[in-house]
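The residues of the chain are indexed from 1 along the displayed sequence.
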Amino acid sequence: MSDSQPQQPSHSPRSGRGGEGCGGNAAAAESTGLLLAGARLTDGRTVDVRLGGGRIQAVGTAGSLAAPALSRVDLGGYLLLPAPAEPHAHGDTALTADGEGPVSYTPDEVQRRATEAALLQLGHGATAVRSHVRIGDVHGLGPMEAVLQARRSLRGLTDLTAVAVPRLLTGVAGADGLARLRDAVKMGAAVIGGCPDLDPDPTGFLEAVLELAAEHGCPVDLHTDGDDPARLARLAAMSGGLRPGVTIGPCGGLSRLPLEAAHRAADQLAAAGVRVTCLPQGDCAALERRGLRTAPVRLLRAAGVRVAAGSGALRDAGNPVGRGDPLEAAYLLASQGGLRPTEAYASVSAAAREAMGLPEVRVEAGFPAELLAVRGDRIAGVLSLAYSRIVIHRGRVVARTSAVREYCDSAVAVALDLPRQGRMEPGP
């Protein structure tokens, strides 16, 4: 099976009586509960974690929460983290880079791509995905309808949210786009998006989006390169009063501005409460490529801007080798963006969830059971070699990835006791 075709893992022999796998019943999982045994936390503690009702019920020292009635997953050797979220995906165009001829936008094809992309991202650990969907032009609202259908079919596995992305909203040509945008919101698009940079009247585009968002109480998530300080200043001034808020990205153009101008723009965005979603793994096809540079994350954070990191293109025209892996985005922020590993991971977890309006997650009693277990003992190691993963959504295991590294039978390998990613015996 191609690695672009997710498969549902079987139940692990070590997951105990009635262990929950991808194909398990969600209601049964919440009623019986789940025990995560022997997990390591970022503070170095080894703990048991009891889940039930889609939330974390208790966290205690290893062995203190054992109960025969609970399904059990052995997390010895794993680091347990709040699950990542994906704040910037393009499910309608995902997985189209290798196709021959024009890309099909029939509802069935778009639904298949959006579903497959969301499952790939779920396998990486993202239990929530915000997907930007183009509307209007020759395809009308078909792609939006297909992504919303994918959202319904994925319920219980991952939370998929659709962003309506019109091309034009001003002038005669924009009248149709505005009508389609209103229809998309009525259909179920939860976020209003678009790219003011591509409209002949960027200010008019932004006014239309903000007015409609205020009318429906929707958040706004806009594409912009961020290379025009005056345009950013207008955006900040116009966006300040909107609740539940405005996000922009990928803002790679901020890195090309003179330092003083970039600082001034960051201060304006921070004062207005505008969030930024950067794309460390590469750009997306929604913007014309003007140089693949990531937004200046450290500069933005220093100004007080809340910065999340997304994956962007998943093997489409924007990035033909895009992985859609939040941990790779965090790795790049740590290796090239100047963030500490913990800060980098927070950009794809806590900050991404906040940008998407999702509840906070901590590995503490009372918080949502949205968790990711990765083989390793520290965040830095996990970002370096994040192969084996167990993903928990709403209190049940919904995806597993198991990797095994073996070395040939040689005296050198034995003498050095070289690390292995997995073990030969069955395990989570």
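- At distances below 3.5 Å, not a single donor-acceptor pair connects side-chain atoms of Tyr387 with backbone N or O atoms of Arg375.
- A distance of 8.5 Å separates CG in Leu254 from CG in Asp227, rounded to the nearest 0.5 Å.
- Looking only at side-chain heavy atoms (C-beta outward), Ser311 and Glu86 come within less than 4.5 Å of each other.
- Remark: side-chain polar atoms of Arg113 are not paired, donor with acceptor, to backbone N or O of Leu95 under 3.5 angstrom.
- Remark: His88 NE2 to His132 NE2 distance equals 4.5 Å, nearest 0.5 Å.
- Atom CG in Leu333 sits 9.0 Å away from atom CZ in Arg301 (nearest 0.5 Å).
- One side chain, Asp197 or Thr224, offers a donor N or O that lies under 3.5 Å from an acceptor on the other.
- Taking the side chain as every heavy atom from C-beta outward, Leu371 and Leu36 approach each other to under 4.5 Å.
- Two residues are said to be in side-chain contact when any heavy atoms from C-beta on lie closer than 4.5 Å; Val220 and Ser239 fail this criterion.
- With Glu370 as reference, His393 is the one residue of Arg353, Arg55, His393 to meet the side-chain hydrogen bond (donor to acceptor under 3.5 Å, both in side chains) rule.
- None of Arg394, Arg151, Arg152, Arg130 except one satisfies the salt bridge (charged side-chain N to carboxylate O under 4.0 Å, His left out) rule with Asp159; the exception is Arg394.
- A distance-only check finds a donor-acceptor pair linking the side chain of Asn319 to the backbone of Gln281 [under 3.5 Å].
- In this structure, the side chain of Ser388 engages the main chain of Ala403 through a donor-acceptor pair within 3.5 Å.
- Here the closest non-hydrogen pair linking Leu206 and Leu235 is CD2-CA, 3.5 Å.
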